[in-house]
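Note sheet for the following structure.
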Amino acid sequence: MFLLLKRTNNCGELRKKDAGKEIILNGWIDRIRDLGGIKFILLRDRYGKTQVFFDPNENNELYERAVTLGIEYTVAIKGIVKERPAEAVNSDMETGEIEILAKDLEIFSKSETPPIYVNREEDIAETTRLKYRYLDLRKERLQRNLFIRHKAMQATRKYLSENNFMEIETPYLTKSTPEGARDFVVPSRIKSGNFYALPQSPQIFKQLLMVSGFDRYFQIARCFRDEDFRADRQPEFTQIDIEASFVEMEDILNFGEGVVKAVFQETIGYIPETPFKRMTYAYATDTYGSDKPDTRYGMELKDITEYFKDNCTDFIAEVIKNGGCIKGFEVKNKASLFSRKKFDEYTDLAKSFGAAGLMWIAKDKDKAEPRSSIKKIAQKEINEIINDGIIEEDSIFFALSGERKVINKILGQLRNTVIREETEKAKGFDISWITDFPMFAWDEEENRLVAEHHPFTMPKIDEFEKYADDPLRINGQCYDLVINGYEMASGSVRIHRQDIQKKVFEMIGLSEEQINSKFGFLIEAFKYGPPPHAGMALGMDRLVAVITGEDSIKEVIAFPKTATGSDPMSDAPSVLDEKQLKELKIDVKN
RNA sequence: GGGGACGUGGUGCAGAUGGUUAGCAUGCCGGUCUGUCACACCGGUGGCCGCGAGUUCGAGUCUCGUCGUCCCCGCCA
């Protein structure tokens with residue numbers, strides 16, 4: 001028999017009421033406390049920890065064997081559940097009222113001294129954590145995060161299934177599409193010289209499923225994008241992908257709220273208020289400088305152009321004359337923490353974001369004279385702004401002058417930096433829908449119109465007709481869900497009318513030929529009665545990260561990759577051997 | 001593609017202005033200890049200072065390059 005001592009209980013469940021029972025636990029040795037005559041060990045599995053003790057007076061042979069135990073050995077303990085003596089109760093432990101008097105011990109496997117200490121919370125280099133991910137995953141934090149992720153997936157499936165959505169899988173080996181992110185590609189051996197692309201999302205397939213009559217579809221789908229990675233971006237990530245037919249935007253928002261609510265409730269018991277608050281893209285960008293604002297931190301952008309309308313400093317007068325504005329935001333209670341050097345750093349930062357310079361005003365506590373970068377040119381204006389209460393005592397005001405949209409964006413980035421670097425992390429969840437995104441954006445690099453969301457997004461029909469010759473004014477029927485400053489979901493009503501789709505492709509400069517070679521199968525499908533449909537995709541990794549309070553989605557993915565897309569554990573990506581390359585007819589140039 | 005930070009025993013960190021023996025904590029090993037719970041105490045082990053050039057009598061420290069990691073900008077429909 002292979003497993004001699006098979007567990008009867010897990011390490012998190014025994015209580016006082018179990019006293020006297022003979023049980024077997026299996027698990028890892030979390031900690032050893034050897035007092036010479038009596039030896040305590042903590043045994044750990046994913047359900048918890050239980051204290052076991054070895055008493056030489058009870059069984060000296062067993063005690064001698066226990067002396068050889070080391071941290072992270074995997075063992076079975078057979079023993080009797082004992083109520084702990086009153087003075088030895090540990091009220092910080094779930095199982096702290098009991099302990100196990102060991103009667104038998106089986107060592108399943110030994111462990112070398114681990115590079116990561118499972119029993120301790122300490123900062124470890126990310127590379128080490130990833131190289132020994134299986135050990136990092138033993139730790140409480142990741143065990144909890146992955147459990148919450150599991151619950152989130154179950155809640156998603158339950159809610160959507162109960163609402164008639166069918167879970168359908170779509171291919172991972174698919175066709176490269178233009179627009180959007182760079183594709184990860186997979187060479188075809190049988191059709192050498194041809195490549196599959198891994199899907200950036202199941203977008204086209206789910207629309208085809210709508211054509212097929214699966215009027216409510218969902219999938220917890222892996223997506224792949226070959227771009228540069230960040231704390232909230234991995235080369236592969238998971239989306240809750242949703243699509244429905246015969247619906248309009250409101251229906252999708254409703255389902256989206258349903259999923260998010262179910263996930264919050266089933267994971268941490270938090271019930272978000274519904275309906276979620278909404279703001280338009282125009283409002284969000286003008287008020288927060290971002291289309292994914294975290295409103296918990298305040299610091300709304302204020303237009304202070306009025307104060308400067310009589311100022312004759314060149315750059316200010318110029319901006320106002322050209323229809324630009326001066327806007328900024330207040331950082332409360334930080335004046336005393338900002339030295340001249342720090343203001344200079346923020347000025348450099350603003351410049352790196354594309355600003356010409358940064359205006360700052362600091363109203364120091366108990367000092368009559370404010371500090372400011374524009375003191376010499378705007379003494380009067382500064383005083384008026386302070387007198388009007390726009391800058392409170394001990395607060396700072398950062399401002400920029402220029403074209404409204406441009407400075408909104410830079411102020412938004414500065415605001416995010418202040419939030420990240422200077423502000424204590426806010427509690428709770430800030431959930432909002434952002435609506436009325438522009439349909440198109442101008443791509444400076446390619447010198448053409450591009451789809452802001454994706455080219456299957458239905459424009460607002462009235463605007464589409466009205467602004468046919470000024471497409472940047474057209475808004476799309478699309479929406480984002482933002483939670484705590486993260487873009488959590490994104491979706492749209494899709495185009496089901498061939499005439500509109502054709503027009504949109506034309507506007508973004510796709511030729512008939514390109515359309516046919518890239519999306520031909522979708523266009524073809526839409527000849528056969530496509531229903532009106534709409535959908536969205538929720539970022540599972542980000543959602544779970546927000547719920548668990550993690551800043552990086554790496555903390556909610558079992559085996560994540562580094563910022564350069566590598567895996568220190570398996571050493572992926574790696575070179576292929578000659579034989580594989582030959583089969584694929586691939587020559588690697590250097 | 002650009003900017004910033006970092007790389008020193010297994011792990012986490014310290015090593016002003018270059019100076020001979022690279023320090024601390026923890027782990028690990030050994031010892032003492034019968035109620036610990038981050039057990040305690042005593043002793044010990046452990047380092048090509050990411051890698052490669054260069055400057056110098058002398059480099060963990062300075063310069064250049066390179067590799068890796070993290071954060072940010074660009075990018076991410």
Side-chain angles (χ1 to χ4, degrees), chain A residues 30-42 49-58 63 70-72 82 84-93 95-96 99 112-132 135 177-183 200-201 203-204 223-235 237 345 348-355 409-410 413-414 416-417 420-421 437 439-441 443-445 449-457 476 478 487 490-492 504 508 537 539 551-552 554 561-564 566 568:
Chain A
D30 190 67
R31 213 169 265 282
I32 301 169
R33 290 184 286 270
D34 192 339
L35 274 65
I38 187 168
K39 189 182 180 77
F40 296 97
I41 64 169
L42 270 186
K49 294 171 186 176
T50 299
Q51 176 163 280
V52 178
F53 71 107
F54 295 86
D55 187 341
N57 295 330
E58 290 276 338
Y63 177 82
I71 297 280
E72 299 306 322
K82 296 274 189 187
R84 290 198 195 185
E87 68 279 8
V89 168
N90 185 341
S91 54
D92 295 333
M93 272 176 82
T95 60
E99 58 192 344
E112 290 183 15
T113 302
I116 287 178
Y117 274 77
V118 178
N119 61 20
R120 190 167 20 164
E121 274 313 312
E122 63 182 344
D123 286 332
I124 301 161
E126 284 239 19
T127 325
T128 312
R129 292 184 59 196
L130 292 180
K131 184 165 179 193
Y132 300 97
L135 290 179
T177 52
E179 302 288 298
R182 216 172 276 122
D183 291 313
Q200 297 173 26
S201 80
Q203 185 62 35
I204 292 174
C223 306
F224 308 85
R225 294 178 190 176
D226 186 6
E227 295 293 344
D228 286 355
F229 313 119
R230 292 286 163 76
D232 63 345
R233 279 163 25 193
Q234 282 271 307
F237 60 99
E345 283 166 13
D348 287 344
L349 189 71
K351 284 179 183 167
S352 78
F353 292 150
K409 185 174 179 200
I410 300 168
Q413 290 177 324
L414 285 173
N416 281 342
T417 308
R420 197 172 53 241
E421 313 258 323
F437 281 77
M439 181 77 189
F440 301 106
D443 187 319
E444 294 285 349
E445 237 170 76
L449 213 57
V450 292
E452 179 77 24
H453 185 66
H454 60 58
F456 316 113
T457 300
C478 50
E487 182 190 315
S490 191
S492 64
V504 169
I508 60 174
D551 290 328
S552 168
K554 286 196 195 98
K561 295 187 175 55
T562 68
T564 53
S566 64

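So that the names make sense, note that chain A is the first sequence line, chain B the second, and so on, each numbered from 1.
Within the nucleic acid shown, A:Glu345 has no heavy atom closer than 4.0 Å to any nucleic acid atom. Using a 4.0 Å heavy-atom cutoff across all strands shown, A:Phe456 reaches no nucleic acid atom at all. Within 4.0 Å (heavy atoms only), A:Pro85 reaches at least one base atom of the nucleic acid. Nucleic acid contact for A:Phe40: base, since at least one base atom lies under 4.0 Å from a heavy atom of the residue.
With distances taken from any side-chain atom of A:Arg84 to the nucleotides B:G10, B:C71, B:C37, the minimum falls on B:C37. Comparing B:C37, B:C72, B:G27 against the side chain of A:Ala231 picks out B:C72 as the nearest. Of all nucleotides listed (B:U69, B:G12, B:G35), B:G12 comes nearest to the side chain of A:Thr128. Listed nucleotides B:C37, B:C76, B:C28 differ in distance to A:Ala181; the shortest reach to its side chain belongs to B:C76. In the set B:C72, B:U34, B:C37, B:U34 carries the atom at the smallest distance from any side-chain atom of A:Asn57.
Under the Watson-Crick or G-U wobble criterion, with both distances below 3.5 Å, B:G58 has no partner in any strand shown. Under the Watson-Crick or G-U wobble criterion, with both distances below 3.5 Å, B:G23 is paired with B:C13. Nucleotide B:C64 forms a pair with B:G52, judged by Watson-Crick or G-U wobble geometry with both contacts under 3.5 Å. Nucleotide B:C75 has no partner under the Watson-Crick or G-U criteria, as no pair reaches both atom distances under 3.5 Å. Summarising the base pairing, B:C29 is matched to B:G43 through a Watson-Crick or G-U wobble pair whose two defining distances lie under 3.5 Å.
Among pairs with a residue in residues 121-132 of chain A, those fulfilling salt bridge (charged side-chain N to carboxylate O under 4.0 Å, His left out) read A:Glu126-A:Lys554, A:Arg129-A:Asp136, A:Arg129-A:Glu555, at least two apart in sequence or across chains.
Taking atom CZ of A:Arg129 as the reference point, atom P of B:C70 lies 11 Å away to the nearest angstrom. Computed from coordinates, the A:Asn119 CG to B:G10 C1' distance equals 14 Å when rounded to whole Å. Going from atom CD1 of A:Ile38 over to atom C1' of B:U36 covers 8 Å, rounded to whole Å. A straight line from CG of A:Asp123 to C1' of B:U69 spans 14 Å, rounded to a whole angstrom. Between the CG atom of A:Leu349 and the P atom of B:C73 there is a distance of 9 Å, given to the nearest Å.
Separating the P atom of B:U45 from that of B:C57 is a span of 37 Å, rounded to the nearest Å. When the P atom is compared between B:U61 and B:A16, the two are found 11 Å apart, to the nearest whole Å. Taking atom C1' on both B:G19 and B:C13, the two are 24 Å apart, rounded to the nearest angstrom. Taking atom P on both nucleotides, B:C28 is separated from B:G60 by 31 Å, rounded to a whole Å. On the P atoms, B:G65 is 22 Å away from B:C70, given to the nearest whole Å. The separation of B:G46 from B:C64, taken at their C1' atoms, amounts to 33 Å, rounded to a whole angstrom. A gap of 10 Å separates the C1' atoms of B:G68 and B:C51, to the nearest Å. Distance noted for atom C1' between B:A5 and B:G18: 24 Å (whole Å).
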- Task: Could you walk me through whether A:Thr457 and A:Glu452 pass the side chain to side chain contact (heavy atoms under 4.5 Å, CB included) test, one step at a time?
- Result: CA-CA 9 Å; A:Thr457 300; A:Glu452 179 77 24; over 6 Å; no

- Task: Begin from the C-alpha positions of A:Val504 and A:Phe456 and carry the test side chain to side chain contact (heavy atoms under 4.5 Å, CB included) through to its verdict.
- Result: CA-CA 8 Å; A:Val504 169; A:Phe456 316 113; over 6 Å; no

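In B:A38 the O4'-C1'-N dihedral to the base is more than 90° from 0, which defines an anti nucleotide.
For the side chain to side chain donor-acceptor pair (under 3.5 Å) test, residues two or more places apart in sequence or in another chain that qualify with A:Glu72 are A:Arg44, A:Arg138. Annotation: side chain to side chain donor-acceptor pair (under 3.5 Å) contacts of A:Asp443 (sequence neighbours excluded): none. Annotation: salt bridge (charged side-chain N to carboxylate O under 4.0 Å, His left out) contacts of A:Lys409 (sequence neighbours excluded): none. Every residue was checked against the side chain to side chain donor-acceptor pair (under 3.5 Å) condition with A:Arg420, not counting sequence neighbours, and none meets it. Partners of A:Asp348 by side chain to side chain donor-acceptor pair (under 3.5 Å), not counting sequence neighbours: none found. Residues satisfying the salt bridge (charged side-chain N to carboxylate O under 4.0 Å, His left out) criterion with A:Asp34, sequence neighbours excluded, are A:Lys39. Residues passing the salt bridge (charged side-chain N to carboxylate O under 4.0 Å, His left out) test with A:Glu487: none are found, sequence neighbours excluded.
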Under 3.5 Å, N/O pairs linking protein and nucleotides 39-41 of chain B:
{"unit_1": "B:C39", "atom_1": "OP1", "unit_2": "A:Arg31", "atom_2": "NH1", "d": "3.3"}
{"unit_1": "B:C39", "atom_1": "OP2", "unit_2": "A:Arg33", "atom_2": "NH1", "d": "2.3"}
{"unit_1": "B:C39", "atom_1": "N4", "unit_2": "A:Asp34", "atom_2": "O", "d": "2.4"}

Shorter than 3.5 Å, N or O on both sides, protein versus nucleotides 7-9 of chain B: list them out with atom names.
none

Report each atom pair, protein N/O against N/O of nucleotides 22-26 of chain B, whose distance is under 3.5 angstrom.
{"unit_1": "B:U26", "atom_1": "O2'", "unit_2": "A:Arg120", "atom_2": "NH1", "d": "2.5"}
{"unit_1": "B:U26", "atom_1": "O2'", "unit_2": "A:Arg120", "atom_2": "NH2", "d": "3.1"}

Measure all distances between protein nitrogen or oxygen atoms and nitrogen or oxygen atoms of nucleotides 1-4 of chain B, and list the pairs falling under 3.5 Å.
{"unit_1": "B:G1", "atom_1": "O6", "unit_2": "A:Asp228", "atom_2": "OD2", "d": "3.4"}

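Where A:Val450 and A:Lys561 each meet RNA chain B at their nearest nucleotide, the meeting point lying more 5' is that of A:Lys561. Mapping A:Ile116 and A:Leu130 onto RNA chain B by nearest heavy atom places A:Ile116 closer to the 5' end of the strand.
Between A:Gln413 and B:G74, a side-chain N or O to OP1/OP2 separation shorter than 4.0 Å is present. At the phosphate of B:C70, OP1 or OP2 sits under 4.0 Å from a side-chain N or O atom of A:Lys554. Taking 4.0 angstrom as the limit, A:Thr127 places none of its side-chain polar atoms (N or O) nearer than this to OP1 or OP2 of B:G50. Phosphate contact (OP1/OP2 of B:U69, side-chain N/O of A:Thr564, threshold under 4.0 Å): present.
Between A:Glu227 and A:Arg182, at least one side-chain nitrogen of the basic residue sits less than 4.0 Å from a carboxylate oxygen of the acidic one, meeting the salt-bridge criterion.
The distance from the NE2 atom of A:His454 to the SG atom of A:Cys478 is 8.5 Å, given to the nearest 0.5 Å.
Residue A:Glu126 places no side-chain atom within donor-acceptor reach of the base of B:G68, judged by atom type and a 3.5 Å distance cut-off alone. Donor-acceptor pairing under 3.5 Å, judged by distance alone, is present between the side chain of A:Arg233 and the base of B:C76.
Counting all heavy atoms, side chain and backbone alike, A:Ser201 lies closest to A:Arg225 at CB-NH2, 4.1 Å.
Contact annotation: the side chain of A:Thr417 approaches that of A:Phe353 to within less than 4.5 Å [non-hydrogen atoms, C-beta and beyond].
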